[in-house]
> 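Questions regarding the structure given below will be posed in turn.
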Amino acid sequence: MSDDVETDVLIDARGSFCPGPLMELIRAIREGEVGETIAILSNDNGSKRDIPLWVGKAGHELIGVFDKEDHDRIVVKKLK
Amino acid sequence: MADKMSLIVFSGTMDKLMPVGILASGGVAMGMDVEIFATFWGLQSLAKGASEQPPRMSKDFEDMAPMMMQMMKEKNVPSWLDTLRTAKELGNVKVLACAMTADLMGMDKDSFDDIVDDIVGVGEFVDSAKDAKITLFI
């Protein structure tokens with residue numbers, strides 16, 4: 001899957017610090033539908049590690065962490 | 001039953017309160033229940049309106065406070081209480097006021113910010129905290 005793939009939800013958390021982006025993602029996953037894809041944009045280095053860890057623990061699918069030079073685009077699919 | 005993180009929040013300065021909000025968020029993110037026992041200066045920081053007062057900085061880092069405040073303002077870092085509120089919205093976070101401090105300061109449930117769930121004695125808190133996987137005194 002290419003890193004620019006369209007997702008159902010886009011969260012722009014650039015400028016937000018740890019744990020901000022992760023908390024925004026958790027909220028979006030909770031409010032979303034099963035099967036929905038969510039992209040979160042973040043330039044926080046803690047979140048780059050925390051989000052994949054959380055996604056695994058929470059049982060969702062990490063589609064990818066894409067380096068966009070000045071930020072990361074992290075794409076997640078809600079599985080349950 | 002979910003694992004539990006227990007935080008005893010004694011301090012009332014920003015450098016100690018920021019980690020309270022952040023650690024509580026981390027606990028919620030990792031699926032833990034979070035229980036916060038606020039006492040002394042920590043409890044005073046949860047009095048109604050306390051968050052509108054200028055934040056206090058620990059004496060040790062007094063000289064760095066203006067720089068720190070400036071940086072946090074520029075980068076739009078949310079207040080510790082807002083961070084804690086978000087954690088509470090997303091997970092199981094209980095904020096308990098220390099009954100002894102509340103008595104000492106003549107405060108009751110109405111004196112505190114809405115984030116405070118209950119006023120409990122130290123015995124009840126310790127009884128609950130004995131099951132925690134992580135316990136921190138801040």
> Mark yes when over 12 heavy atoms from residues, nucleotides or ligands other than K109(B) sit less than 6.0 Å from its NZ; otherwise mark no.
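Yes, NZ of K109(B) has more than 12 neighbouring heavy atoms, counting only those of other groups under 6.0 Å.
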> Spell out, as yes or no, whether a donor-acceptor pair under 3.5 Å connects the side chain of R30(A) to the backbone of L90(B).
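Pair found, side chain donor or acceptor close to backbone of L90(B).
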> What residues of residues 61-82 of chain B make heavy-atom contacts with chain A at a cutoff under 4.5 angstrom?
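At a heavy-atom separation under 4.5 Å, chain A is reached by K75(B), V77(B).
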> When you group the ILVMFWY residues by side-chain heavy-atom contacts below 4.5 Å and let the links chain together, are I36(B) and F125(B) in the same group?
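No; I36(B) is not reachable from F125(B) via cluster members.
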> In Å, rounded to the nearest 0.5 Å, how long is the span from OG1 of T83(B) to CZ of F17(A)?
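It comes to 12.0 Å.
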> I138(B), W41(B): one ILVMFWY side-chain cluster at the under-4.5 Å cut-off?
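Not linked; separate clusters.
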> At what distance, to the nearest 0.5 angstrom, does OG1 of T86(B) lie from CZ of R27(A)?
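T86(B) atom OG1 to R27(A) atom CZ measures 6.0 Å (nearest 0.5 Å).
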> With a 4.5 Å cut-off on side-chain heavy-atom distances among I, L, V, M, F, W and Y, is there a chain of contacts connecting L17(B) to F137(B)?
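No; tracing contacts between hydrophobic side chains, which count when under 4.5 Å, never links both residues.
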> Should the heavy atoms of other residues, nucleotides or ligands under 6.0 Å from NZ of K48(B) be counted, would the total exceed 12?
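Yes.
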> Identify whether V75(A) and L25(A) are in the same connected component of the hydrophobic contact network (ILVMFWY, side-chain heavy atoms under 4.5 Å).
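In one cluster with V75(A): L25(A), no.
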> Are I40(A) and I26(A) grouped together when hydrophobic residues (ILVMFWY) are joined by side-chain heavy atoms under 4.5 angstrom apart?
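Result: yes, single cluster for both.
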> Report the C-alpha distance between M23(A) and E89(B) in whole Å, list the side-chain angles of each, state the deciding distance to 0.1 Å, and finish with yes or no for side chain to side chain contact (heavy atoms under 4.5 Å, CB included).
CA-CA 10 Å; M23(A) 300 313 267; E89(B) 276 167 36; over 6 Å; no
> With a sphere of 6.0 Å drawn around CZ of R85(B), does it hold more than 12 non-hydrogen atoms of other residues, nucleotides or ligands?
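Check passes, neighbour count above 12.
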